[in-house]
Amino acid sequence: MFNIYCPYCEEHREEEEFHPSGQAHLARPADADACTDKEWGDFLYFRKNPRGLHQELWQHTAGCRKFFNITRDTVSYQILETYKVGQSPQVKLPEVKLEEPRHG
Amino acid sequence: MEKILVSDQYAPDSLSERAEFGDINVPVVETALQHVNLRQVATRTGSGHGVSFSELPVTGLLVLRARSERAALQSALQTTVNIKLPDTLQSEVSVSSGSHKSVYCIRWVAPDEWMLSCPAQDAFDIETRLRSSLGGNSVAIVNVTGGYSVLQLSGQHANDVLKKSTVYDVHPQNFSVGKVVNTTFAKAQVMLRCVSNDEYELIVRRSFADYVWHWIQVASKEYGLSVSRS
Amino acid sequence: MTRFSGFSLFKNALQHQENWQRMWRNPTPKAHYDFIVVGGGGHGLATAYYLAKVHQKSSVAVIEKGWLGGGNTGRNTTIVRSNYLWDEAAHLYEHAMKLWEGLSQDLNYNVMFSQRGVMNLGHNLQDMRDIERRVNANRLNGIDGEVLDAKQCQEIVPIMDCSGSTRYPVLGASWQPRAGVARHDAVAWGYARGADQLGVDIIQQCEVTDILVEDGAAIGVETKQHGTIKAGRIGCVAAGHSGVLAGMAGFQLPIESHPLQAFVSEPIKPILDTVVMSNAVHGYMSQSDKGDLVIGAGIDGYVGYGQRGSFPVIEHTAHAIMELFPVVSRVHMNRQWGGIVDTTPDACPILSATPVENLFFNCGWGTGGFKATPGSGHVFADLLAKGRPNKLAEAFSMFRFYDGALIDEHGAAGVAH
Amino acid sequence: MVDLIQGRYVQKNRLPSGGRINRDKILTFRFDNRYYKGYEGDTIASALLANGVKVVGRSFKYSRPRGIMSAGVEEPNAILQVGSTEATQVPNVRATEQPLYDGLVCSTVNGWPHVNFDVMSLLGRIGGNMMGPGFYYKTFMFPAFMWETYEKFIRRAAGLGRAPKERDVDSYDHMHHHVDVMIVGAGAAGLSAALAAARTGVRVMIADERSEMGGGLLHSTTSIDKLPATQWVAKVCHELDGLDNVVRLSRSVVNGLHDHNFLTVNERRTHHLGDQAPEGVTRERIHKVRAHTVILATGAHERPLVFGNNDLPGCMQCSAVSEYIRRYAVVPGGSLVVMTTNDAGYQCAFDWHDVGREVVAIVDTRANADSDVIAQAKQREITLIKGSAVIEARGQGRVTKAMVASINADGSFVTGEPRTLICDTIASSGGWSPAVHLSCHTGSRPRWRDDILGFVPGETHEQVLSAGGVAGTQTLSACIQEGIKAGTEAAAKCSNSSVADAMSAPVVEDELHAPAMALYLVPHTKAPTRASKQFVDMQNDVTAAGLQVSTHEGFESIEHVKRYTAMGFGTDQGKTGNVNGMAIVAKTLGQSIAETGTTVFRPNYTPVTFGAVAGSHTGALFDPKRFTPMHRWHVEHGALFENVGQWKRPWYFPRQGESMQDTLNRECVATRTSVGILDASTLGKIDIQGDDAREFLGRVYTNAWAKLPPGRCRYGLMCGEDGMVMDDGVTSCLAENHFLMTTTTGGAAHVLNWLELYHQTEWPELDVYFTSVTDHWATMTIAGPNSRALLAKVCSDIDLDKDAFKFMDWRSGSVAGVPARVFRISFTGELSYEINVPAHYGLHVWEALFEQGKEFDLTAYGTESMHVLRAEKGFVIVGQDTDGSITPIDMDHAWAVANNKPFSYIGKRGMQREDCLRPNRKQLVGLETVDPAVVLPEGAQAVRNPEQSIPMTMVGHVTSSYYSANAGRSIAMGVIRDGINRHGESVFFPLADGRTIEARIRNTVWVDPDGERQKS
């Protein structure tokens, strides 16, 4: 069970106070109406799901109710950093090769 | 389909004597635990005093929100109720008058959120004065007086009851007098304040108050629970 | 290869068990196969088995990075049922159910498929509406199902608290008599033995490190232990690792891999002869032939490949189990563990071509993978053999997440596991 | 009766003095219907051994008699049923762990008619040869239909103990702790670590599974700082108890070490007192501990050696023999043969010898070992047989002989003729397996060390240290030193004021040790498949031969072998067997143990009751019940309640003699003809303030909000980004920058988080604040033609004139003397007011309305009538009429979709995806049964052609269906493919009971189609 540092409360708190909200830094397309079905589908459903370092969004639901980001290793479950929404992570993630998938 | 549902009761010691009321123009105020009739329970308990419990009368509660205009809120508070926003996270600022302690108390909730408590009858007035003092500033004030029940837990085993109930580190070394945290309380949530050594304030959502009361009864069993009149 | 029977057991007993044959070979991989199945769990081995058996493919390899059945096959709570709400899912799982019903004989390997019935409880009025809806749909799809009231539930499961005095009283249930449980490891081993007998090369301890793509088409895999192995078509069936494999081929999947936890009690004398599931209070339980109570929990909310989750999930499940079966209070929980489940947004699998030609994925089974094993392998073998989906697979294309034709099994109660 | 039997069962193996037992407190207990006596301080196992009881169980597969093998948690055999009443039955209690108390009742879990004369053992002897590994997979397949019959027989043999049939009388709880240093295990290393850490002032917790701390020191003969070890232990415990920064937990098993140093500790608070916990005390407690640093000082388990018939009662671990003698003053037999690969094994022979019983021989598998203990053996004139091994035990139901033969140097074969030694106990020691279990729980893999012949904790990314036996350390002085070092280091990590050298190492004199021999399976003159059974995992009857056969069959991974043979899957989780098993597999495959793999343990270290895991969250505290301010009134007026999420909502208010339908008819008719009242307090309510509140609403709702003026309300529809309906409710404009949003009861929390998510992550630039006010407001809806007249009686400061206070207006004023917000909105289609007052006035206002409503026969109605009334008007309930696959267009709510808004609101793009635009989607329609008396079942599936064969093509289903007294017929709603274009067509509903109901598709409005009433 995780021990999570809330960057807003500036304390470590137990996982039970938090709720995970999926991949971090998912940006809603600025011009949603101009998106193709594929672009919209990518935003809606397709995720990095890495085995290793991952940036994810959590909410301090039982505490300050703020959303914030965590860089966490999805295998060792170690949390490398937590940072506020709008801030940039300090831990660099490995490059992932991603070609443009064809819509077949 | 045969539908089975149970007629539901509150937690033990439930239905109390009905409050009498005649003239409808005299509103009857009910706290969340009115049905338990704690006053009556208080006269009956005598078994051990490891933990003492009480429900405060309806307390005025205002949620205060401000981001960039925190300073404006600060000064509005100072002019209206002469109180400051807490400087540090998870802390409170109280103002007392006379024999009453904490007539006003502001608790840190989040970087842009505080909870102000005050006498119930003042809540509307304070809200109005704050609003007029703030003018067009982007600050939110919400009267949530009816939304919560304010409970007090004290005694030499009060801290043990908290350890059974919340995941937060309530060891006095970490949770010292004047600290306020929002955290879990069993399967409910609580705004928890360390009022003094072995004395804690629990602000819980009104609809959960009965559950919290029931939980406290079970968790205090081994220490002896006494209910104090409030 | 020895056929298993009472006679072979007797004969081997006389020979002090010294003459059993290997169940599968340990072949050295060839440079090229017509078909490579990545992943030696139940689904992958079943795929290989049906490629060889139904489609008479002779050049098939299964590549497994660890040991056969070492992923979710050996970690799940072994429930088999087919009473899914939506037509597409119901047809796929019922296809699997029909294969389950003859599987031990087909494989000559007793997978201990025990049709002891599965009960999905309803605890509120909306649960009961959803149960009615699902059972009605099942019946018209030719899948057995009944709606039970609380009294009938009590008769089938005497240890369950159906008194009505619980926090969320049991109002009724859906009941699929043909559903049940099977012995998970045996499924992998049975398929492995069957596939090996039909000439499939099963290569264990061989980790795929890259999927080789040329001109938009997959041509083989790079492995850690055996270098490059080329292939005509590649099928990835690696629950818990699908996203990683897709990344090797250069695309993402609509999948997140989450921990799913389960636990067993110590063996006790039988008290539960069926499978009881409750989504509303989050827990399900059956009892194995050894006497262990096998209990499943909900999914942890974060991505996790650690084959473990967080303790509160275990606690919540224990609360639910105690609520339903108060007599287990003094029974001991023995062991807990976790699997990695690939969850999709609509709680339905992906059996699909991909943006890379000759590369196919069978993944996203979420919590429902084990029960589909024979059907999944059968349908995926067809997809690999022919290169295009058959009627059962059609709806499960990964591209449904672009056009929006989701099959939303989240929408119906009692179907998440 | 007790006295009668007592004479026959004297404690013949109890020594006249010694041990850590209280001889003044004699305890009587019952084992398999016979009474025995023991002393306070005994475990069941020590008391049984004292009484000369040999057989305590039958094995699972072969039904062989089994005796007590160990003295601790690693015990595989002595698994008992404990409990004197039905409600206090506990299955599968390890006799070696359970303290004895007066009146304890226990019994063996297998064996019929008696554990000493088990019929099944005949079957086991005959069938045992057939039941090799994988037995079940290879048979019972023919004929296929017989499997279920076979399985019934298999299940009959299932299980060890039994669950009680009654509800538990005891309670359980949890407690959270946050500490700097958590020490697991209170042997020499753990106690040293605790003291070293505690003296620095950091927060320390130490937990140990036994009733007394001290571990092996409690039966040790050595001295520490010139004190007997037991006195040193007492001194340390005393000091720890005097420090207020220390929590010391005995009888507390650390069962799990989870991520980020979170530990679960199972404290058995009353197991030593009796069946049932004393009043007010929980039977077990789980301490949930978050620690900065964890020190594992869990020690090691002695490995018994694997040899022929090593499961016979009388075969024990060497250390267990010592422990019984020295701690419990019990000698488990008369004549002892010791077999050991190491020096530690000698101690039990000395202990046995020193209390005056016969040591037949010490059989040392090493040919040339030389060390202090060997000298001591000679001093005692104990027969020492070097370079040999006990290759087989013999005896009927208990050991009577040991077959001893010389073996070669690496222990792979027998070199000499076996000879027979007469004895009743064979103690063996194959070395020590560090108790690495906890170190594995977060994914770390233990590492094999050839020098200590055991696995030690592997690399970890957590702050976890190990000290003592678990780290492979074998001398007492080193254990203590490591403990001090770990304690000091751990304390320094979390404290600035670390006291350097808070503790110096006590003086301990170690003996000279000779290296141990690597031996696991003792060779036999015959191959394992032909020799008498050599057990590796006693509980699951896994033999050396079974392991070899498995590898021959292709199960080469240790994980495969374990699963194929069930090795390590017992309740002891392979504490004594796993390493032996791995060694045997490694040897069969010609690999080293390190190559063969490692053994990974999962929580729990020892089994823990479900009651303990659940804690207090059972029964009435399973889940919170949320009550509205008017709940008391509902209870007093006979309401039946419906669970809606955690809320208790009045479902309906039956009167004497009414059926449910009678009640609904009465409630619905009263509402439409006079006035009804609904407690709507559970609706989610969110206060929204800020200059951009309006803009924000426009982005999260599908419809337009730009022009809603203060004083007005509007229905809003909310979708997910996929365009599917997610929630709905009325939102009111309180002021230009202030709104009150309502949500469904079940959706309240989700919607608030949804708004926060979008505000905090997507649109932080918008000036807006959200606050839940659900609990603040008591909400009551009065509906019906008389609702205005009723309101007028309790409200004098709002102009209720129909033109002054119009439909979809809201006003503030006072109701029954209480400040209120009154909303003229309607979910029934009637003239209707929703009165909101602060919750503490809720009951007052509610009762005032009833007081004043007498003349209108004001009728309370519940959620069921609310459903009927809204369905009569075609109003949907999100979550009932929708299921996450319905767009606003599908719901026939195109009117609530404003696609000309400048911002692409949430859901807009989603509902324009290809599949959402296709024809033939399921759409919400009314369904009118041909027979008006027939009510369609909710959930019934629709087909266009009822004559088709199965599988049928289904075109939709019924979402809501009721009998409507107001419409005088059944009414229903459902989703039907292309339904909006097919009004007037028939669909058919084939039901499970054989009926097929025909219904015509129509609009969803059954009452007041023009909507005149709500505007009246």
Side-chain angles (χ1 to χ4, degrees), chain B residues 1 3 5-12 14-15 21 24-32 34-35 58 63 65 67 112-113 120 124 138 140-148 160 163-164 166-171 173-174 186-188 205-212 214-215 218-219 221-222, chain D residues 171 173-178 203 280-282 288 290 616-617 620-621 623-629 631-632 635-636 638-643 647-648 651 660 687 689-691 767 769 771-778 794 816-819 837-845 847-848 851-852:
Chain B
M1 183 191 69
K3 292 172 176 171
L5 280 174
V6 216
S7 151
D8 207 83
Q9 300 292 325
Y10 288 100
S14 62
L15 299 178
F21 68 88
I24 60 158
N25 292 321
V26 182
V28 177
V29 175
E30 288 226 339
T31 63
Q34 196 84 25
H35 62 282
V58 172
V63 168
R65 304 289 302 270
R67 280 184 283 267
D112 61 353
E113 181 170 349
F124 183 74
S138 176
I141 304 166
V142 190
N143 186 336
V144 291
T145 300
Y148 293 88
D160 289 322
K163 275 156 71 180
K164 290 188 187 187
T166 174
V167 297
Y168 187 72
D169 179 6
V170 292
H171 191 283
Q173 205 173 307
N174 180 65
K187 287 182 180 172
R205 289 252 225 151
R206 182 183 173 107
S207 57
F208 285 94
D210 185 79
Y211 166 77
V212 169
H214 193 167
W215 177 274
V218 171
K221 211 168 176 183
E222 64 183 299
Chain D
S171 56
D173 65 5
H174 292 174
M175 200 177 246
H176 297 91
H177 303 265
H178 302 257
R203 285 153 76 180
V281 179
T282 50
K288 301 191 222 167
R290 178 72 69 183
S616 303
H617 298 275
L621 292 174
D623 204 39
K625 291 173 189 165
R626 297 178 69 184
F627 297 112
T628 76
H631 188 79
R632 179 164 60 168
V635 172
E636 287 168 358
L640 295 183
F641 291 88
E642 179 189 0
N643 286 312
W647 288 100
K648 287 288 182 182
W651 189 21
M660 180 176 179
D687 178 280
Q689 299 183 30
D691 290 344
D767 177 39
Y769 298 95
T771 306
S772 169
V773 289
T774 303
D775 283 49
H776 174 66
W777 296 107
V794 288
V818 167
V837 295
H840 45 278
Y841 293 125
L843 186 59
H844 160 75
V845 174
E847 294 193 316
E851 188 65 31
Q852 299 300 314

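These numbers come from the heavy atoms of this one structure, side chains and all, not from hydrogens, waters or symmetry mates. By convention in this document, chain letters (A, B, ...) are assigned in the order of the sequence lines, proteins followed by strands, and residues within each chain are numbered from 1.
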Checklist entry - Under a 4.0 Å N-O cut-off, is there an ion pair linking D:E847 with D:R632? => result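 No, no charged N to carboxylate O under 4.0 Å.
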Item to check | Short N-O contact, D:R626 and B:D210, less than 4.0 angstrom | outcome: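 Not counted as a salt bridge, because no side-chain N and carboxylate O are separated by less than 4.0 Å.
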[X] versus chain D, the contacting section by heavy-atom distance below 4.5 Å:
X: B:F124; answer: neither
X: B:V58; answer: side chain
X: B:A186; answer: both
X: B:V218; answer: side chain
X: B:V142; answer: both

Item to check | Residue part contacting chain B, namely of D:R290, when any heavy atom lies under 4.5 Å | outcome: neither
Next on the checklist: Given heavy-atom pairs under 4.5 angstrom as the criterion, report whether the side chain, backbone, both or neither of D:W647 touches chain B.
Outcome noted: side chain
Which residue out of [options] racks up the most heavy-atom pairs below 4.5 Å with chain D?
options: B:Q173, B:K221, B:E113, B:R206; result: B:R206
options: B:A120, B:A219, B:G147; result: B:G147
options: B:T31, B:V63, B:T145, B:N174; result: B:T145

Checklist entry - Top residue by heavy-atom pair count (under 4.5 Å) with chain B, among D:P624, D:P838, D:G280? => result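 It is D:P624.
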Checklist entry - If you count heavy-atom pairs under 4.5 Å with chain B, which of D:S616, D:S171, D:G638 comes out on top? => result D:S616
Checklist entry - Do you know the tightest heavy-atom contact between D:S772 and B:R205? => result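 That closest heavy-atom pairing would be OG-NH1, 3.5 Å.
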Next on the checklist: Quick check against the 3.5 Å criterion: does D:D767 have a side-chain atom that pairs as donor or acceptor with the backbone of D:G690?
Outcome noted: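 No; zero donor-acceptor contacts below 3.5 Å.
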Item to check | Heavy-atom donor-acceptor pair, B:Y148 side chain to B:A209 backbone, under 3.5 Å | outcome: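 Pair absent, no side-chain N/O of B:Y148 close to backbone of B:A209.
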Next on the checklist: Taking the six-membered ring for Trp, are D:H178 and B:Y168 closer than 6.0 Å centroid to centroid?
Outcome noted: no
Next on the checklist: Check for me whether B:R67 meets the cation-pi criterion with D:Y769, that is, NZ or CZ under 6.0 Å from the six-membered ring centre and within 45 degrees of the ring axis.
Outcome noted: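 Yes; both conditions hold, so B:R67 lies above the ring face of D:Y769.
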Checklist entry - In Å, rounded to the nearest 0.5 Å, how long is the span from NZ of D:K648 to OG1 of D:T628? => result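 So the NZ of D:K648 and the OG1 of D:T628 are separated by 12.5 Å.
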